[in-house]
Structures are given as structure tokens and as C-alpha cells.
Amino acid sequence: MNGTATTAEATTEGAPIMSITLTDQDKLTLRLAAWGAVSLMSAAGAAGSSHKAATHGSLALTSATGEVGHVLTKAPKGVKYGKTVAELADQVLPALTSAVNLLKQQDPAEADNFRRTVAVAIDAATRSRPGEPSPTMTEMARKITEALDAA
């Protein structure tokens with residue numbers, strides 16, 4: 001991490017409508033939160049097909065738009081998620097709340113974009129298996145949504 005910050009600015013007919021500055025640490029927080037949420041869903045779906053849940057969730061993240069989409073294009077590198085789902089959740093759930101708070105301070109629309117992007121990824125991971133989602137996946141999705149909404 002070199003500590004650099006980047007600024008993205010969208011325009012409509014030459015007038016700026018959004019300006020957001022994210023440090024490398026901010027970007028890591030967003031990536032840890034979103035990609036970690038997909039990892040939590042994958043772990044919760046391990047009885048079915050954790051690979052399909054991860055694939056569907058990852059596709060949703062890499063399909064994101066806006067500044068969030070630019071940041072989530074890459075999965076976080078060098079992050080140690082831990083050896084258990086509980087250790088993963090201890091990192092990811094607070095990161096989800098922090099990510100929304102950080103975006104809310106700079107651009108509420110991007111905070112909503114992040115929240116919706118993660119929600120779509122969770123839904124995609126949940127629907128990766130036929131039939132109703134397992135109770136484990138349903139509960140994990142609830143915990144992720146609760147962390148997003150805590151911001």
C-alpha cells in the first residue's frame with residue numbers, strides 16, 4: 001500500500017455531479033467487505049455448491065458500476081480471512097458497516113450503490129443452487145444485510 005488517494009468525478013453536460021476520494025486503505029475496506037460477503041455466502045452454502053455461490057457472487061461484484069464498480073473489479077490481495085467462518089465474519093461484517101459509512105460521508109449515492117451491489121451479490125450467491133436457499137445461507141444473508149444497514 002502506498003497510501004495514495006484517487007478521486008473520481010462523474011459529469012453531466014460538463015457539471016460535476018459526484019466527487020469521491022478513496023485512499024488505498026478505503027479501497028481495501030470496500031474490497032474486504034464486498035468480497036468477504038461473497039466468501040461468507042460461499043461458506044454458508046458449502047453443503048450445496050460453495051464454488052457456484054462464489055462464482056455467482058463474484059460475477060455480481062465485477063458487474064458493479066460507478067466508483068464502487070471500479071474498486072470492486074479487483075478482489076483484495078494479501079488478506080488473511082482466518083481459518084473459520086467466525087473469524088471471517090469478525091472481519092467482514094464490521095468492514096461492511098465501515099464501507100457504507102465511509103461512502104456515505106463522501107457520496108450517499110455511492111453508499112447506496114455499494115449496498116445494492118453487495119445485496120445483488122448475496123442474492124446471486126443464494127440463487128446459485130436450485131430450490132429454496134438453505135437456512136444457513138438465509139441466516140448469513142440476514143447478518144450481511146444487518147451489517148450493511150447498521151451504517
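One is the number of the first residue; the rest follow in order along the sequence.
Among residue pairs with one or both ends in residues 79-101, none qualify as salt bridge (charged side-chain N to carboxylate O under 4.0 Å, His left out); sequence neighbours excluded.
Contact check for V85 versus M140: side-chain heavy atoms found under the 4.5 Å cut-off. Using a 4.5 Å heavy-atom cutoff, the side chains of T55 and L59 are in contact. No side-chain heavy atom of S39 sits less than 4.5 Å from a side-chain heavy atom of V92.
R142 is linked by a side chain to side chain donor-acceptor pair (under 3.5 Å) to E139, E146, counting only residues two or more places apart in sequence or in another chain. Contacts of K52 classified as side chain to side chain contact (heavy atoms under 4.5 Å, CB included), with partners at least two apart in sequence or in another chain: S49, H56, S128. Every residue two or more places apart in sequence or in another chain was checked for a side chain to side chain contact (heavy atoms under 4.5 Å, CB included) with T73, and none qualifies. With sequence neighbours excluded, the residues satisfying side chain to side chain donor-acceptor pair (under 3.5 Å) with D123 are R127. For A109, the side chain to side chain contact (heavy atoms under 4.5 Å, CB included) partners at least two apart in sequence or on another chain are D107. In this structure R115 satisfies the side chain to side chain donor-acceptor pair (under 3.5 Å) test together with D112, sequence neighbours excluded. Under the side chain to side chain contact (heavy atoms under 4.5 Å, CB included) criterion, V38 pairs with S58, L61, A121, not counting sequence neighbours.
Residues D26 and T23 have side chains that bring a donor and an acceptor to within less than 3.5 angstrom of each other.
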Listing, residues 93-103 side-chain donor-acceptor contacts under 3.5 Å, not counting sequence neighbours, or none:
residue : atom : partner : partner atom : Å
T97     : OG1  : A147    : O            : 2.6
S98     : OG   : P94     : O            : 3.1
N101    : ND2  : T97     : O            : 3.4

